[in-house]
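Residue numbers start from 1 in every chain, and the chains themselves are labelled A, B, ... in the order their sequence lines are given, proteins ahead of strands. All values below come from the heavy atoms of this structure, side chains included, with hydrogens, waters and symmetry mates left out.
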2 protein chains.
Amino acid sequence: MQETDDRPVITGKHRELLDQLLDKWSLQVLDRLCEQGSLRFNELRRSLPGITQKSLTVTLRRLERNGMVERVVVSDRPVAVEYRIAPIGRTLQDLIDALLLWTTANLAGVERARARFDEAGS
Amino acid sequence: MQETDDRPVITGKHRELLDQLLDKWSLQVLDRLCEQGSLRFNELRRSLPGITQKSLTVTLRRLERNGMVERVVVSDRPVAVEYRIAPIGRTLQDLIDALLLWTTANLAGVERARARFDEAGS
DNA sequence: CTCTGCGGTTTCCCATGGATACCTGGTGGA
DNA sequence: TCCACCAGGTATCCATGGGAAACCGCAGAG
């Protein structure tokens, strides 16, 4: 039973970090910011149908706290804020793309599996 | 700046699917099953410190429904059940590894960012 | 002077998720 | 016989998350 695998053991720390990044909106926010580099609050909001101000705010705050994005005050008098993808957030881009690619490729298969499961169950 | 990017637009369907797979325990369950191929219920349970029976049950049901794992009744008299990674679940292995690798590589950086953020805020 | 837009904060509310605990029903061991 | 273990199911409670909506100051347009 003694395997010498170099796969990292997933600890509470890792789980916590993943929880912070893989929640309902963070992935999409990061996706948009990776695409565009930087976006304004309301630009971001408009590009994410269904999100509320509050959800966007807390999502951005959390991402900022984890060093994934940077909040840059562009202008003072008319309050203008830009959210930029941070270097460490940039490193997520490939992962996010891979995730999106995977879902796109496998969505049909998953839906078939669901149909089979639901049919068998009822 | 107008790149015709072929990056898939993330729709509600994609988000729903990712939500089903990236929740609190699914990643770890899939991780274990990818490592071991197949595991019994309580083996799985013991390998995931902190998980409750209920959480494991619903997680496995959801993964089964989405075609990620297969529930195989091995024996009848003493009820024995094996959970196996399904082909479509297998395709997630690289992604999960990449995710784990990323967290391992960037955990320290994230924690520094958090410290900076928390210090600046208070 | 009102309306809109910007970038939020605050409050309220509800659904979901997780934890705790107790149920089954069969098996094997002391 | 009694007990623990297996593989779950069920009931209940509670914390959290996320949505809806109101409110904030500030600025420019009409």
Novice: Between the side chain of A:S26 and the main-chain N/O of A:L22, is any donor-acceptor distance below 3.5 Å?
Specialist: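 No, the answer is negative, given that no donor and acceptor are paired below the 3.5 Å cut-off.
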Novice: Quick one: is C:dG5 close enough that its OP1 or OP2 comes under 4.0 Å of any side-chain N or O from A:R46?
Specialist: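 So the side-chain polar atoms of A:R46 never come under 4.0 Å of the phosphate oxygens OP1 or OP2 of C:dG5.
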Novice: Which nucleotide sits closest to the side chain of A:R40: D:dA7, C:dG8, C:dC6?
Specialist: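 Among D:dA7, C:dG8, C:dC6, the one nearest the side chain of A:R40 is C:dC6.
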Novice: Within this structure, what is the CG-to-C1' distance between B:L44 and D:dC5, rounded to whole angstrom?
Specialist: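 To the nearest whole Å, that distance equals 17 Å.
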Novice: Can you tell me if B:D31 uses its side chain to pair, donor with acceptor, with the backbone of B:L27 under 3.5 Å?
Specialist: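 Absent.
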Novice: Can you see whether B:W25 has A:R15 sitting over its ring - NZ or CZ less than 6.0 Å from the centre and within 45° of the normal?
Specialist: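 Here A:R15 passes the 6.0 Å and 45° test against B:W25.
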Novice: N/O contacts under 3.5 Å, protein versus nucleotides 17-21 of chain D?
Specialist:
unit_1 : atom_1 : unit_2 : atom_2 : d
D:dG19 : OP1    : A:K24  : NZ     : 2.9
D:dG19 : OP2    : A:W25  : NE1    : 3.4
D:dG19 : OP2    : A:S55  : OG     : 2.5
D:dG19 : O6     : A:K54  : NZ     : 2.7

Novice: Please state how far atom CZ in B:F41 lies from atom P in D:dC6, giving the value in whole angstrom units.
Specialist: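 In whole Å, D:dC6 P lies 11 Å from B:F41 CZ.
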Novice: Quickly work out the A:Y83 OH to C:dC6 P distance and round it to whole Å.
Specialist: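 Result: 14 Å.
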Novice: What is the distance, to the nearest angstrom, from the CZ atom on B:R45 to the P atom on C:dT20?
Specialist: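 To the nearest whole Å, that distance equals 11 Å.
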Novice: Give B:T57 one of three labels, base, sugar-phosphate or nothing, depending on what nucleic acid heavy atoms sit under 4.0 Å from its own.
Specialist: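 Answer is sugar-phosphate: B:T57 comes under 4.0 Å of backbone atoms only.
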Novice: Just the rounded figure in Å: distance from P of D:dG9 to CG of B:N42.
Specialist: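 About 13 Å, once rounded to whole Å.
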Novice: Do any side-chain nitrogens or oxygens of A:R61 fall under 4.0 Å of OP1 or OP2 in C:dG8?
Specialist: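 It does, given that an N or O in the side chain of A:R61 lies less than 4.0 Å from OP1 or OP2 of C:dG8.
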Novice: For B:C34, is there any backbone N or O sitting under 3.5 Å from a side-chain donor or acceptor partner on B:R90?
Specialist: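 Pair found, side chain donor or acceptor close to backbone of B:C34.
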Novice: Using atom CD of B:E82 as one end and atom P of D:dG8 as the other, report the distance to the nearest whole Å.
Specialist: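 From B:E82 CD to D:dG8 P: 11 Å.
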Novice: Apply salt bridge (Lys or Arg N to Asp or Glu O under 4.0 Å) to residues B:E43 and B:R45 and explain how you reach the verdict.
Specialist: CA-CA 5 Å; B:E43 281 179 329; B:R45 189 151 112 84; over 6 Å; no
Novice: Which value, rounded to the nearest 0.5 Å, describes the distance between A:R114 atom CZ and A:E119 atom CD?
Specialist: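 One finds 16.0 Å between CZ of A:R114 and CD of A:E119.
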Novice: Mind calculating the distance between CG (B:L56) and C1' (C:dG17) to the nearest angstrom?
Specialist: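 Between C1' of C:dG17 and CG of B:L56: 15 Å.
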Novice: Using whole Å, report how far CZ of A:R15 lies from P of C:dG17.
Specialist: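 Value for this atom pair: 15 Å.
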Novice: Count the heavy atoms belonging to other residues, nucleotides or ligands that lie under 6.0 Å from CZ of A:R61, then report whether that count exceeds 12.
Specialist: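 Counting other residues, nucleotides and ligands, CZ of A:R61 exceeds 12 neighbours.
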